[in-house]
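Have a look at the structure below before the remarks.
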Amino acid sequence: MEHAERLLAAAGELFYRRGIRAVGMDDVRAASGVSLKRLYQCYPSKEALVVAYLERRDERWMGSLTSYVEEHGGSAEAVFGWLERWFAEDGFRGCGFVNAYGELGATSEAVAEVARRHKRRLRDYLRGLVADDLLADQLLVLVDGATVTAMVDPERATQAARAAGRAARALMAAREK
C-alpha cells in the first residue's frame with residue numbers, strides 16, 4: 001500500500017472515530033506507520049489531509065449507496081434500506097461530512113466546501129431516483145434526519161431508518177396522486 005493510501009486509511013479511521021480536532025498529525029503518523037516527513041510531503045497541512053479524507057469518504061460512501069440501491073431495484077425506497085444497514089455497522093458515528101462541518105466548517109472553507117459538495121451530490125443522486133426537485137429535497141432531509149437520530153440515539157437507529165423510509169414512501173405516494 002502506498003504512503004498516501006496508508007495515511008488516508010489511518011486518518012479516515014481516526015477522524016471518523018475520534019473527531020478531526022482530537023486527532024493530531026502525529027496520531028496519523030503513528031497509526032499509518034508513515035514518517036512525519038513523508039506525511040507532510042503527501043499532505044502539507046492537516047486541512048489538506050482532512051479534505052483528502054472527506055473526498056475519499058464521499059467516493060466510498062456514494063459508491064456503497066448507489067451499488068446497494070441498484071441491487072435493490074433502483075428506487076428511492078432502497079436508500080432507506082441502505083441507511084438501516086449503514087446505521088448497524090460497527091463504529092457508526094453519523095455523517096462524516098456533517099461531523100467535519102460541525103468541527104471545522106466555520107474556520108475552513110475547504111472543509112465546508114467538501115461537505116457542501118457531498119450533500120449536493122447526494123441530493124442530485126436522489127433527484128435522479130425521483131422526478132421532482134421538491135421530493136429530492138424532502139428525501140435528503142429524511143436521510144439527514146435519520147442519520148442524526150441514529151447517531152445521537154443508537155438504540156433507535158433501526159427505527160430511525162424505517163421511520164424515514166415510511167415517510168419517504170408516503171411522500172412519493174402523495175406525489176403520484
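Proximity of L129 to Y125: side-chain heavy atoms (C-beta onward) are separated by under 4.5 Å at one or more points. Taking 4.5 Å as the limit, every side-chain heavy atom of R127 sits out of range of all side-chain heavy atoms of D137. In this structure the side chain of H72 never reaches within 4.5 angstrom of the side chain of W82, judged on heavy atoms. A 4.5 Å side-chain heavy-atom check between L135 and Q138 finds at least one atom pair inside the cut-off. Considering only heavy atoms from C-beta on, Y43 stays 4.5 Å or farther from V50 through its side chain. Counting heavy atoms from C-beta on, the side chains of F80 and V143 come closer than 4.5 Å. Taking the side chain as every heavy atom from C-beta outward, F87 and T147 approach each other to under 4.5 Å. E77 has its side chain out of reach of R166: every pair of non-hydrogen atoms, C-beta onward, lies at least 4.5 Å apart.
No single ILVMFWY cluster, assembled from side-chain heavy atoms under 4.5 Å apart, contains both V98 and L122. Note on L139 and V141: separate hydrophobic clusters, where clusters join Ile, Leu, Val, Met, Phe, Trp and Tyr whose side-chain heavy atoms are under 4.5 Å apart, directly or indirectly.
Between the side chains of R162 and Q159, no donor-acceptor pair is found at a separation under 3.5 Å. Between the side chains of T158 and E84, no donor N or O sits under 3.5 Å from an acceptor N or O.
Closest approach of A160 to T149, counting heavy atoms only: CB-CG2, 3.8 Å. Shown here for V51 and A110, the closest heavy-atom pair between the two residues is CG2-CB, 3.8 Å. Smallest separation of non-hydrogen atoms from L142 and A168: CD1-N, 3.6 Å. When every heavy atom of G19 is checked against every heavy atom of V23, the shortest pair comes out as O-CG2, 3.3 Å. Of all the heavy atoms in E103 and I20, the pair that sits closest is OE2-N, 2.8 Å. Looking at every heavy atom in both residues, S35 comes nearest to R29 through C-CG, 3.8 Å.
The backbone N or O of S32 lies less than 3.5 Å from a partner atom in the side chain of R6, making a donor-acceptor pair. A donor-acceptor pair under 3.5 Å links the side-chain atoms of N99 to the main chain of R93, judged by distance alone. Of the possible donor and acceptor atoms, none in the side chain of R169 sits under 3.5 Å from a partner among the backbone N and O of A164. Checking side-chain atoms of R18 against main-chain N and O of A22 turns up a donor-acceptor pair under 3.5 Å. The closest donor-acceptor contact from the side chain of T66 to the backbone of G63 lies under 3.5 Å.
To the nearest 0.5 Å, atoms OH (Y68) and CG (L65) are separated by 10.0 Å. Annotation: the span from L14 atom CG to D27 atom CG amounts to 6.5 Å, rounded to 0.5 Å. Between L104 atom CG and R21 atom CZ the span is 5.0 Å, to the nearest 0.5 Å. For the atom pair CH2 (W86) and SG (C95), the distance works out to 5.5 Å, reported to the nearest 0.5 Å. Separating the CD atom in E59 from the CG atom in L54 is a distance of 12.5 Å, to the nearest 0.5 Å. Taking CZ of R117 as the start and CZ of F97 as the end, the distance is 9.5 Å to the nearest 0.5 Å.
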Q: Apply side chain to side chain contact (heavy atoms under 4.5 Å, CB included) to Y101 and R116, showing your working.
A: CA-CA 9 Å; Y101 188 88; R116 284 191 292 267; 4.2 Å; yes
Q: Start with the C-alpha gap between L49 and V28, add the side-chain angles, then the distance that decides, and say whether side chain to side chain contact (heavy atoms under 4.5 Å, CB included) holds.
A: CA-CA 10 Å; L49 179 59; V28 175; 4.0 Å; yes
Q | Derivation and outcome, side chain to side chain contact (heavy atoms under 4.5 Å, CB included), residues E13 and Y53 | A | CA-CA 9 Å; E13 198 279 323; Y53 145 70; over 6 Å; no
(Q) Does W61 form a ring pair (Phe, Tyr, Trp, His ring centres under 6.0 Å) with H118? I'd like the steps, not just the answer. (A) CA-CA 10 Å; W61 193 91; H118 169 76; 5.1 Å; yes
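Comment: E55 does not engage R60 in a salt bridge, judged by the lack of any side-chain N to carboxylate O separation of less than 4.0 angstrom. Ion pairing between a basic and an acidic side chain is recognised when a charged N comes within 4.0 Å of a carboxylate O; R38 and E2 show no such pairing.
More than 12 heavy-atom neighbours from other residues, nucleotides or ligands sit within 6.0 angstrom of CD on E89.
The side-chain hydrogen bond (donor to acceptor under 3.5 Å, both in side chains) with K119 is formed by just one residue from the set D58, D124, D144; it is D144.
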